Amino acid sequence: MATSSSLLLCFSLCFSLIFISSSQTLFLPLTHSLSKTQFTSTHHLIKSASTRSVTRFSRRHHHQKNSHKHRQVYLPLSPGSDYTLSFTLDSQPIFLYLDTGSDLVWFPCQPFECILCEGKVENTSLASSTPPPKLSKTAAPVSCKSSACSAAHSNLPSSDLCAISHCPLESIETSDCQKHSCPQFYYAYGDGSLIARLYHDSIRLPLSNPTTLIFNNFTFGCAHTALAEPIGVAGFGWGVLSLPAQLATLSPQLGNQFSYCLVSHSFDSDRLRRPSPLILGRYDHDEKERRVNGVHKPRFVYTSMLDNPEHPYFYCVGLEGISIGRKRIPAPGLLRKVDREGSGGLVVDSGTTFTMLPASMYGSVVAEFESRVGRFNERARVIEEDTGLSPCYYFDNNVMNVPSVVLHFVGNGSSVVLPRRNYFYEFLDGGDGKGKKRKVGCLMLMNGGDEAELSGGPGATLGNYQQQGFEVVYDLENRRVGFARRECASLWETLSQN
């Protein structure tokens, strides 16, 4: 039994509790990292989110083409779109970004030096004067012989890792290096990096009832040095070090599936403060008649995950096409499958704001929008320059006729109809008093670049803005991703009360 000085992890939102059902399902609150004081205008807010989406997507391919020596994961941790969960370490609050595109849980530890981190925390809702936590007395370094050490070092053989840790040759030959610690490892993100060591310790998850869930030998990265990365990450991607994978060792039911339901916010500060539920484990997803607050819940639409040999921590699916109104635009072959070099597929991503499409497909989508919307509304070119979104239109009437958008995934009838607010953002321009106030609407899908530039990485990304108002389930056991429309705020209230 761990002592009171053990590593105590209590995921929380403003010190709220985790909720667990009798079937070993965990319900955790997610918060949005956007700071209300960060942006001076709607233009600035959208520009930041669009720039960040492009940066995250493009740097995936840049790193994949130019670096094969180090483990690369891609999470530009600039504020504006990330969802976070939090926990306390020895009564100290710690915030982690939720990332389905990486497979490590890490956080800063004392002593901690962060280079080029000025202003990063202050510009988010994560601002805190609390210093990085200290390791507990029971935290132990991971052995160089462990599979976790190998995973952190891009599957480098344990014999090499133990040699780096100065284990004697005779001990390496006899596999007797358990007392030698795993060497430091390097992790690179889109706009920063870190050096960390692996530790394991017991974690305690206080539940809504008097019992406590104890998880022994939880493995995490402790970073003492980072470049532009002041906030830790909870990796949910494929990999033995991810949070779901480690939960699976405690209970397969907890680790073989997770889902989240992001509250639709349209960058409204009041809606941004509402918790979005993160669900670990199964809770009768396929039951035909499920109700939340008396409202019938639609069933999930599933599509199979694609194997990605080069980037196994991504959740890739195949996209067959996109319908704009009645016009179906076929997806290029790049989006339907992943080749041996890891090129192609669509990544379902929790860390990118807006969906990124190959230039050819994006151009076809824009052309169809222009033919249906541009004929009747003035193009807002200045707004496009200010926000990074395109096309944008002025509309002086109360209602603009906008065609529907449907995503067609690979599979039998695996189509998802997006709500209008998920792909067309409407706001009032000129609200700063400097000009005439006019209503504006912008398409919130973006150009990810030419197909030739996308080799070696994903062909497209499904951003979290397009996932709002859906429960998105990652069924790891059956290797599929599912989508179902939900009232996410009501779902959280119901789950946390039951």
Side-chain angles (χ1 to χ4, degrees), residues 11 21 23-30 73-75 82-85 96-105 233-263 276-287 290 297-308 311-319 338 345-352 355 407 409-411 414 416 458 460-486 488 491-492 495:
F11 293 91
S21 73
S23 60
Q24 288 288 299
T25 302
L26 293 174
F27 308 121
L28 293 73
L30 297 175
V73 289
Y74 307 92
L75 182 65
D82 290 304
Y83 287 86
T84 65
L85 49 85
L96 300 180
Y97 286 99
L98 168 71
D99 183 32
T100 57
S102 64
D103 59 356
L104 172 72
V105 179
V233 174
F236 272 69
W238 285 106
V240 298
L241 298 178
S242 73
L243 186 57
Q246 294 199 61
L247 283 173
T249 64
L250 177 67
S251 168
Q253 187 178 20
L254 281 178
N256 61 19
Q257 179 172 294
F258 70 90
S259 64
Y260 51 71
C261 193
L262 305 180
V263 172
S276 296
L278 170 64
I279 305 161
L280 300 173
R282 297 182 181 275
Y283 73 119
D284 299 328
H285 282 304
D286 297 320
E287 197 174 305
R290 296 175 60 224
K297 296 186 67 178
R299 299 186 66 184
F300 280 87
V301 172
Y302 288 101
T303 183
S304 297
M305 296 179 185
L306 302 177
D307 291 328
N308 192 322
H311 316 294
Y313 38 85
F314 289 150
Y315 294 111
C316 292
V317 299
L319 184 68
V338 177
L346 178 145
V347 173
V348 184
D349 191 12
S350 66
T352 300
T355 293
L407 305 179
F409 295 100
V410 173
S414 300
V416 174
T461 298
L462 181 63
N464 61 50
Y465 199 93
Q466 280 65 53
Q467 299 175 46
Q468 292 179 96
F470 287 90
E471 185 178 354
V472 182
V473 60
Y474 297 77
D475 187 346
L476 309 184
E477 184 178 21
N478 296 304
R479 298 188 61 83
R480 60 182 184 172
V481 177
F483 304 87
R485 287 290 300 274
R486 297 284 187 262
C488 297
L491 178 60
W492 168 252
L495 293 175

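This one's a predicted model, so the numbers in the text were calculated from it and none came from an experiment.
For the side-chain contact (heavy atoms from CB on, under 4.5 Å) test, residues two or more places apart in sequence or in another chain that qualify with D307 are R479. With sequence neighbours excluded, no residue forms a side chain to side chain donor-acceptor pair (under 3.5 Å) with Y315. Not a single side chain to side chain donor-acceptor pair (under 3.5 Å) links Q246 to another residue, sequence neighbours left out. Judged as a side-chain contact (heavy atoms from CB on, under 4.5 Å), and not counting sequence neighbours, the contacts of V240 are A151. Evaluation of the disulfide (SG to SG under 2.5 Å) rule for C316 yields no partner, not counting sequence neighbours. Take T355 and apply the side chain to side chain donor-acceptor pair (under 3.5 Å) test, not counting sequence neighbours, and it matches Q466.
Considering all non-hydrogen atoms of both residues, E471 and S259 come closest at OE2-OG, 2.9 Å. P277 approaches C488 most closely through the heavy-atom pair CD-O, 3.7 Å. Nearest heavy atom pair, residue C261 against residue S276, reads O-CB, 3.2 Å. In this structure, L243 and F236 approach most closely via the heavy-atom pair CD2-CZ, 3.4 Å. Closest approach of G239 and A245 over heavy atoms only: O-CB, 3.0 Å.
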Stepwise side chain to side chain contact (heavy atoms under 4.5 Å, CB included) test for F27 and L491: CA-CA 11 Å; F27 308 121; L491 178 60; over 6 Å; no

Step-by-step side chain to side chain contact (heavy atoms under 4.5 Å, CB included) determination, N256 to D475: CA-CA 7 Å; N256 61 19; D475 187 346; 5.9 Å; no

Trace of the side chain to side chain contact (heavy atoms under 4.5 Å, CB included) decision for I279 with L495: CA-CA 9 Å; I279 305 161; L495 293 175; 3.7 Å; yes

CA sep, side-chain torsions, deciding dist, call: T84, L96, side chain to side chain contact (heavy atoms under 4.5 Å, CB included): CA-CA 5 Å; T84 65; L96 300 180; over 6 Å; no

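Within the cation-pi definition used here (under 6.0 Å to the ring centroid, within 45° of the axis), R485 qualifies as a partner of F470.
Here the side chain of T303 pairs no donor or acceptor atom with the backbone of V317 at under 3.5 angstrom. Of the possible polar contacts, none joining the N478 side chain to the R480 backbone as a donor-acceptor pair under 3.5 Å is found. Within the 3.5 Å criterion, the main-chain N or O of S350 finds a donor-acceptor partner in the side chain of T100. Under the 3.5 Å distance criterion, the side-chain polar atoms of S251 are left unmatched by any main-chain donor or acceptor of A248. Proximity of a side-chain donor or acceptor of Q467 to a complementary backbone N or O of V472 within less than 3.5 Å is not detected.
By the 4.5 Å heavy-atom criterion applied to side chains, L280 and L28 are counted as neighbours. Looking at L85 and L278, their side chains come closer than 4.5 Å, going by heavy atoms from C-beta outward.
For the atom pair CG (L346) and CG (L306), the distance works out to 9.5 Å, reported to the nearest 0.5 Å. Taking CG from L462 and CG from L407, the interatomic distance works out to 6.5 Å, rounded to the nearest 0.5 Å.
Under the side-chain contact (heavy atoms from CB on, under 4.5 Å) rule, W238 has a single partner from L476, D103, N308, which is L476. Just one of Y302, Y474, F409 meets the ring pair (Phe, Tyr, Trp, His ring centres under 6.0 Å) condition when paired with F483; it is F409. The only option from Q257, R282, Q253 that meets the side chain to side chain donor-acceptor pair (under 3.5 Å) definition with E477 turns out to be R282.
Side chain to side chain, Y260 and Y83 fail the donor-acceptor criterion of an N or O pair below 3.5 Å.
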